[in-house]
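In this text, all values refer to a predicted model and were calculated from it rather than measured experimentally. Residue numbers start from 1 in every chain, and the chains themselves are labelled A, B, ... in the order their sequence lines are given, proteins ahead of strands.
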Amino acid sequence: MKAQSANTISHSDSIKNDFIHQIVAEDVKANKNEGRVVTRFPPEPNGYLHIGHAKSICLNFGIAAEYEGGKCYLRFDDTNPSKEDIEYVESIKADVRWLGYDWGERLRHSSDYFDQLYEYAIALIKMNKAYVCSLTTEQVKEYRGTLRDPGKNSPSRERSIAENLDLFARMKAGEFADGELVLRAKIDMAAPNIHLRDPIIYRLKKLPHQMTGDKWCIYPMYDFTHCLSDAIEDITHSLCTLEFEDHRPLYDWFLDTLNTSCHPQQIEFARLSLNYTVMSKRKLHELVENHHVSGWDDPRLPTLIGMRRRGYTPAAIRDFCDRIGVTKNDTSIEMGVLENCLRGDLDPKTPRVMAVLKPLRVVIENYPSGQVEQLEAPYHPNDASMGARQVPFSRVLYIEQDDFREVAPKKFFRLAPGREVRLRYAYFITCQAVIKNDQDEIVELRCTYDQETRGGSAPDGRKVKGTLHWVSEAHAITAEVRLYDRLFNQPHPGANGTDFKVALNPKSVEILPHSQVEASLANAKAGARYQFERQGYFCVDNVDSSEGALVFNRIVTLRDSWAKIEKANLGKKK
RNA sequence: UGGGGUGUAGCCAAGCGGUUAAGGCACUGGGUUUUGAUCCCAGCAUACCCAGGUUCGAAUCCUGGCACCCCAACCA
């Protein structure tokens with residue numbers, strides 16, 4: 001059953017019961033807000049979205065979708081033109097859409113409300129709850145006190161309402177230089193919560209804004225803007241991350257003091273953190289700007305645009321967000337969870353093909369030269385409806401270098417001198433000889449095949465332990481394959497005060513320019529996903545791949561129990 | 001005694017005074033398998049940060065500790 005419209009994801013089939021869902025459900029049941037559910041996803045357009053944002057997107061859009069008439073706004077929190085850019089606005093919209101969510105008519109910008117916000121500020125001044133402060137930046141800091149010690153009142157605190165009104169109007173009119181004056185809420189300089197010590201609500205910034213152009217030279221601060229924007233949109237539940245918990249009293253103070261008709265409930269949850277990567281905007285910016293990665297869409301990055309390029313699916317990311325849950329616990333999720341979601345989504349619907357990543361030449365000595373057979377190979381072993389294709393078999397093939405060992409270790413089921421294995425959907429072959437070059441490197445295998453085993457099974461019932469993937473040399477296509485691994489080799493890059501960049505994994509990408517893929521891939525389209533049998537899931541790169549010069553990104557490997565055994569063996573030897 | 005939070009398995013996470021303390025990932029065994037994949041089956045906390053207390057009964061309530069996270073941008 002799929003109650004899923006073209007652009008909206010249904011969450012009806014998985015009942016979520018985290019504490020936020022519980023609060024919303026109780027509110028609706030109690031008919032709070034007349035039973036409405038209105039949320040918002042409020043990114044600042046100063047960077048690209050990452051998987052941490054996906055958690056918030058899934059939560060906010062997801063909850064709204066669970067209720068009849070539920071709504072979720074996409075609101076750009078664009079109050080700081082010195083950091084924001086239209087480039088980010090477009091990418092954020094694309095990412096939210098890609099994830100599968102639709103904001104319909106509910107695209108907003110905080111800057112849409114600048115006029116109303118200005119009026120609210122004036123109202124505050126008139127109530128004697130805000131004042132224009134002449135302190136310098138340094139003085140503001142000094143007067144604020146410390147975590148332990150209370151602050152002290154600004155000399156500007158006792159300015160008359162009339163003077164404040166006049167000064168604020170002149171700030172707006174551009175009569176002062178940046179930094180000269182600020183508008184502050186008049187709360188309590190001795191408050192134990194630092195955010196309540198007369199927070200700045202407007203500052204001067206003679207900077208054009210991507211939406212409002214030159215109209216303003218004063219811009220409202222987050223705390224003032226956010227709660228009022230929520231109220232203007234009639235948001236019922238304002239979901240944000242834990243670090244804003246301390247801001248909640250301020251959030252409530254503005255709405256209570258201004259007596260807005262709507263007073264949303266701010267609820268905080270823990271942000272996502274994932275092992276072996278970084279999520280902070282500052283760190284991501286640094287990686288991109290200093291070229292530690294190729295750009296915001298580098299497939300190793302946890303950015304949505306990077307994951308999309310890597311081949312990750314929106315469904316897998318949504319599933320991941322469902323599985324990790326929503327709590328206030330400070331946690332870090334293992335990469336394995338994400339990888340498992342990917343495999344789970346990809347396995348049933350991804351066609352299987354054969355590709356030899358690191359080729360080793362194999363000559364079938366008893367196979368007639370010039371002969372070519374077309375062998376049928378299904379696209380999915382458990383789903384015949386996906387069809388099949390013909391793969392050409394001939395005298396000279398490639399197999400994976402890893403699939404041959406001159407001296408086979410314990411439990412190694414693959415090819416070795418004198419050993420027989422199956423070539424998938426083809427024949428049993430036996431290794432007869434190993435050819436080496438002057439450097440003693442293996443360059444070719446000479447094998448024989450058993451004609452009776454066509455298709456891959458022996459009429460006499462004999463078994464082989466290993467099945468290898470292969471391609472025909474004459475028919476295969478050379479392609480570039482990019483093997484991605486975790487970007488960092490420490491679970492928490494930058495932990496205990498170290499520079500997070502020292503944890504960068506030098507082997508986070510391995511480029512194989514001469515992989516050999518089966519001929520059926522000739523027309524593979526950008527973004528198409530395949531399982532390379534026994535290797536993993538791969539996606540045609542949507543930036544660098546072209547017809548005739550295919551580039552594949554590894555999305556995720558298959559589970560590999562042999563790798564585990566081998567690793568355990570290595571451990572024993574040491 | 002600045003303020004605000006959080007502590008259930010290796011990683012997440014249910015639990016809301018009476019349960020054999022859900023489930024997922026990971027891990028360990030076993031079965032199926034022409035992918036060492038998938039799938040299936042089984043195992044995996046006498047135990048809930050610690051110490052007291054209340055109660056017939058506590059992961060859930062109370063008291064006191066301890067550990068960790070966040071807050072002193074004219075950032076969001």
Side-chain angles (χ1 to χ4, degrees), chain A residues 17-18 22 42-44 46 77-80 82-84 110 133 135-137 140-142 144-151 178-184 191-197 199-205 218-219 221-223 225-226 240-249 268 270 275 281 322-341 343-344 347-348 352 354 377 380-382 411-414 422-426 428 453 455-457 463-469 491 531-536 557-566:
Chain A
N17 197 37
D18 55 75
Q22 289 181 23
E44 182 188 14
N46 69 344
D77 211 351
D78 55 352
T79 57
N80 186 357
S82 60
K83 288 189 174 177
E84 296 151 8
S110 296
C133 183
L135 257 25
T136 64
T137 307
V140 167
K141 182 176 175 160
E142 187 190 322
R144 188 152 37 220
T146 69
L147 294 179
R148 289 287 291 261
D149 308 308
D178 286 8
E180 213 173 319
L181 256 28
V182 290
L183 183 70
R184 295 228 250 169
N193 180 341
I194 281 209
H195 300 289
L196 261 17
R197 319 237 264 230
I200 292 169
I201 58 182
Y202 264 95
R203 79 287 215 187
L204 285 153
K205 264 184 199 289
I218 52 172
Y219 292 97
M221 299 283 287
Y222 166 83
D223 286 303
T225 307
H226 202 85
C240 63
T241 43
L242 250 27
E243 68 271 25
F244 292 103
E245 209 149 19
D246 288 348
H247 296 239
R248 187 170 4 112
E268 310 84 10
N275 286 176
K281 274 186 184 173
D322 281 357
R323 290 200 205 192
I324 59 176
V326 178
T327 66
K328 299 182 76 144
N329 300 343
D330 218 18
T331 60
S332 193
I333 313 289
E334 291 177 343
M335 269 296 178
V337 181
L338 215 206
E339 292 174 348
N340 189 61
C341 291
R343 295 186 187 109
D347 174 68
R352 270 111 242 246
M354 292 196 283
H380 194 114
N382 308 322
K411 289 188 180 170
F412 182 83
F413 301 152
R414 286 112 96 140
R422 170 168 41 235
L423 293 182
R424 185 146 229 233
Y425 302 128
F428 285 9
T453 59
S457 55
K463 303 286 184 206
V464 288
K465 279 194 151 175
T467 299
L468 313 187
H469 60 278
Q531 185 198 96
F532 289 174
E533 293 222 27
R534 304 207 305 132
Q535 303 273 168
T557 62
L558 253 30
R559 281 200 190 84
D560 187 351
S561 51
W562 164 243
K564 252 178 240 167
I565 294 167
E566 206 179 24

Would you please confirm or rule out a distance under 4.0 Å between OP1 or OP2 of [N] and any side-chain N or O of [X]?
{"X": "Thr79(A)", "N": "A76(B)", "value": "yes"}
{"X": "Arg144(A)", "N": "A73(B)", "value": "yes"}
{"X": "Asn80(A)", "N": "C74(B)", "value": "no"}
{"X": "Arg424(A)", "N": "A37(B)", "value": "no"}
{"X": "Ser561(A)", "N": "A37(B)", "value": "yes"}
{"X": "Asn275(A)", "N": "C11(B)", "value": "no"}
{"X": "Thr137(A)", "N": "C74(B)", "value": "no"}
{"X": "Arg534(A)", "N": "G36(B)", "value": "yes"}
{"X": "Lys205(A)", "N": "C75(B)", "value": "yes"}
{"X": "Gln535(A)", "N": "G36(B)", "value": "no"}
{"X": "Asn329(A)", "N": "U6(B)", "value": "no"}

Between the base of [N] and the side chain of [X], is there a donor and acceptor pair under 3.5 angstrom?
{"X": "Gln531(A)", "N": "U35(B)", "result": "yes"}
{"X": "Glu334(A)", "N": "G10(B)", "result": "yes"}
{"X": "Glu44(A)", "N": "C75(B)", "result": "no"}
{"X": "Asp246(A)", "N": "G3(B)", "result": "yes"}
{"X": "Arg414(A)", "N": "G36(B)", "result": "yes"}

Drop me the distance from Asn46(A)'s CG to Asn80(A)'s CG, to the nearest 0.5 angstrom. 8.0 Å
Nearest-0.5 Å distance, CD1 of residue Ile194(A) to CG of residue Leu147(A): 4.5 Å
Rounding to the closest angstrom, what is the interatomic distance between G43(B) and A22(B) at atom P? 12 Å
What nucleic acid atoms does [X] come within less than 4.0 Å of, heavy atoms only: base, sugar-phosphate, or nothing?
{"X": "Lys564(A)", "result": "sugar-phosphate"}
{"X": "Thr241(A)", "result": "nothing"}
{"X": "Leu147(A)", "result": "base"}
{"X": "Asp178(A)", "result": "nothing"}
{"X": "Gln22(A)", "result": "base"}

For His195(A) and Arg197(A), run side-chain contact (heavy atoms from CB on, under 4.5 Å): C-alpha distance rounded to whole Å, both residues' side-chain angles, the deciding distance at 0.1 Å, then the answer. CA-CA 6 Å; His195(A) 300 289; Arg197(A) 319 237 264 230; over 6 Å; no
Classify the ring geometry between Tyr222(A) and His247(A) as parallel (under 30°), tilted (30 to 60°) or perpendicular (over 60°). perpendicular
Would Arg422(A) and Thr467(A) count as having a side-chain donor-acceptor pair, cut-off 3.5 Å? yes
For C61(B), the nucleotide meeting Watson-Crick or G-U wobble distances (both under 3.5 Å) is G53(B)
Tell me, with the steps shown, if Glu268(A) and Arg248(A) meet salt bridge (charged side-chain N to carboxylate O under 4.0 Å, His left out). CA-CA 9 Å; Glu268(A) 310 84 10; Arg248(A) 187 170 4 112; 2.6 Å; yes
Ring-on-base stacking G36(B) with Trp562(A) (under 5.5 Å, under 30°): yes
Decide, for A67(B), between syn and anti: a glycosidic angle within 90° of 0 counts as syn, anything else as anti. anti
